[in-house]
Number of protein chains: 2
Amino acid sequence: MSAASTPSRREELLRIAAQQFAQKGFRNTTVRDIADAAGILSGSLYHHFDSKESMVDEILQTFQDELFGQYDAILASGDDARTKLERAVRVSFEAIDQHPHEVAIFQNDADHLGSFDRFGYLADRNAQSRQVWVTLIEEGIAAGALRPDLDVTLTYRFIRDTVWVAVRWYRPGGGLGHTDVADQYVRILLDGISDGINNA
Amino acid sequence: MSAASTPSRREELLRIAAQQFAQKGFRNTTVRDIADAAGILSGSLYHHFDSKESMVDEILQTFQDELFGQYDAILASGDDARTKLERAVRVSFEAIDQHPHEVAIFQNDADHLGSFDRFGYLADRNAQSRQVWVTLIEEGIAAGALRPDLDVTLTYRFIRDTVWVAVRWYRPGGGLGHTDVADQYVRILLDGISDGINNA
DNA sequence: GTCTATATAGAGATAGAC
DNA sequence: GTCTATCTCTATATAGAC
């Protein structure tokens, strides 16, 4: 949105497109689907955007700029290692809550879109995300907050996947808030589901 | 395969189709893609199958019959609750190792395919899967093996998602075997990544 | 079992009127 | 800013020859 004011027609159309892309996938969403949902005809969309690709491009870039700004702030903060990791998990669940369509598009279509030159930045963001999590995990181990025997790469994948895949079932405004889900996920991630002490 | 013997032409074509579907998604895979990969022309595929849908249908049903047979065997076993849960996780990683294409298709296309009458069994299998995991978790809590304060539904989603989403990065025959991945995932799932005792 | 040829439908995108 | 009309390409699927 243009700084929290009334959304422009362009922003409104992007919002509608994002919903369609998230629901049916990028390739599986037709320009006519988007136009129908917006109450106009398909040709009219081309007054606002060059192509279907331009729409998803703008959707993803806007979202990722915001998300990675938050990760950077966490990395740059003076919090202890465990707090940083928790904050990163919480920020991610908040993103799922506030931008579920964008997260879903990234989860479902990034691989496919990434094969085009225009979307080369998706691979960059992917590498950047890996760097963020790996840094947090390594800081955690160094600080004695995380188990020293952890396989860092595997743990990174575990965290990344468990967090983002929640977009498949989490529904904003449902019974469970994103902070509740984050609480429980952080607890399982850090302490496990086992009862008693099993950290041999 | 027809019992472990030489695969028939039909089975060979299904294998090729599964790979294409897994790589590009069902809708995004053309019958020409499949025919090209098989070294024949698109029209020739229709000698073996009615439609693209019939291909994915046969792929998914064959896979799920096998997988759920294994879950049923675990549920019916006399193992203790924790062992059953571990076995279910391990069987799932083994499925990712041995049938990565089938798992990927189910992960990526089940939602979309499930909206057609013909694929109504996908929703049934989904409900059955939920039943398997929820049963194992509840048995684990009742037996004192799992924390009594767990949110069963959330824990079910957590386990289901973390296990199956690994199909996105796990590569059979790579450096890490499926049993290694399962070992580490079971450890994180049960005991967490935190160092020391935090099970307050 | 595969190929040639083609019917039919749906997709993204464009030009110009309103 | 939207509509009318349409171009072009690509997709699934079919019929009949080899």
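When reading the values below, keep in mind they use all heavy atoms of this one structure, side chains included, and skip hydrogens, waters and symmetry mates. Letters go in sequence order (proteins before strands), and every chain restarts at 1.
Counting heavy atoms of neighbouring residues, nucleotides and ligands inside a 6.0 Å radius, atom CG of A/Asp111 does not exceed 12 of them.
Ring centroids of B/Phe106 and B/Phe63 are separated by 6.0 Å or more, keeping the two rings apart.
Of all the heavy atoms in A/Val89 and A/Trp133, the pair that sits closest is N-CH2, 3.8 Å.
A salt bridge links A/Glu86 to A/Arg82: at least one charged side-chain nitrogen sits closer than 4.0 Å to a carboxylate oxygen. With respect to the salt-bridge test (charged N to carboxylate O, under 4.0 angstrom), the residues A/Asp161 and B/Arg168 do not qualify.
Within the 4.0 angstrom heavy-atom criterion, base atoms lie near B/Leu41.
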Practice prompt. Go through B/Gln131 and B/Thr135 one step at a time and tell me if the side-chain hydrogen bond (donor to acceptor under 3.5 Å, both in side chains) criterion holds.
Written response: CA-CA 6 Å; B/Gln131 192 53 49; B/Thr135 300; 3.2 Å; yes
Practice prompt. Please step through salt bridge (charged side-chain N to carboxylate O under 4.0 Å, His left out) for the pair B/Arg32 and B/Asp36, ending with a clear verdict.
Written response: CA-CA 6 Å; B/Arg32 283 181 177 83; B/Asp36 285 353; over 6 Å; no
What pairs of donor and acceptor atoms, side-chain ones from residues 16-24 of chain B against any protein atom, are under 3.5 angstrom apart with sequence neighbours left out?
from    : atom 1 : to      : atom 2 : distance (Å)
B/Gln20 : OE1    : B/Lys24 : NZ     : 2.9
B/Lys24 : NZ     : B/Asp33 : OD2    : 3.3

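Nucleotide C/dT4 holds its P atom 13 Å from the CD1 atom of B/Ile40, rounded to whole Å. Taking atom CD of B/Gln20 as the reference point, atom P of D/dT12 lies 12 Å away to the nearest angstrom. Between B/His48 atom NE2 and D/dT14 atom P the separation is 15 Å, expressed in whole Å. In this structure, CE of B/Met55 is placed 14 Å from P of D/dA11, rounded to the nearest angstrom. For the pair A/Ile16 CD1 and D/dT2 P, the computed distance is 10 Å after rounding to whole Å. Taking atom CG on A/Leu45 and atom P on D/dG1, their separation rounds to 13 Å, with Å as the unit.
Looking only at atom types and distance, the side chain of B/Gln128 has a donor-acceptor partner in the side chain of B/Arg125 under 3.5 Å away.
Looking at residues 109-120 of chain A, you'll see that no heavy atom sits under 4.0 Å from any atom of DNA chain C.
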Item to complete: Take nucleotides 11-18 of chain C nucleotide by nucleotide from the 5' end and write B, S or -, depending on whether a protein heavy atom sits under 4.0 Å from the base, only from the sugar-phosphate, or from neither.
Response: BBBB----
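Note on A/His47: every side-chain N or O is 4.0 Å or more away from OP1 and OP2 of D/dT2.
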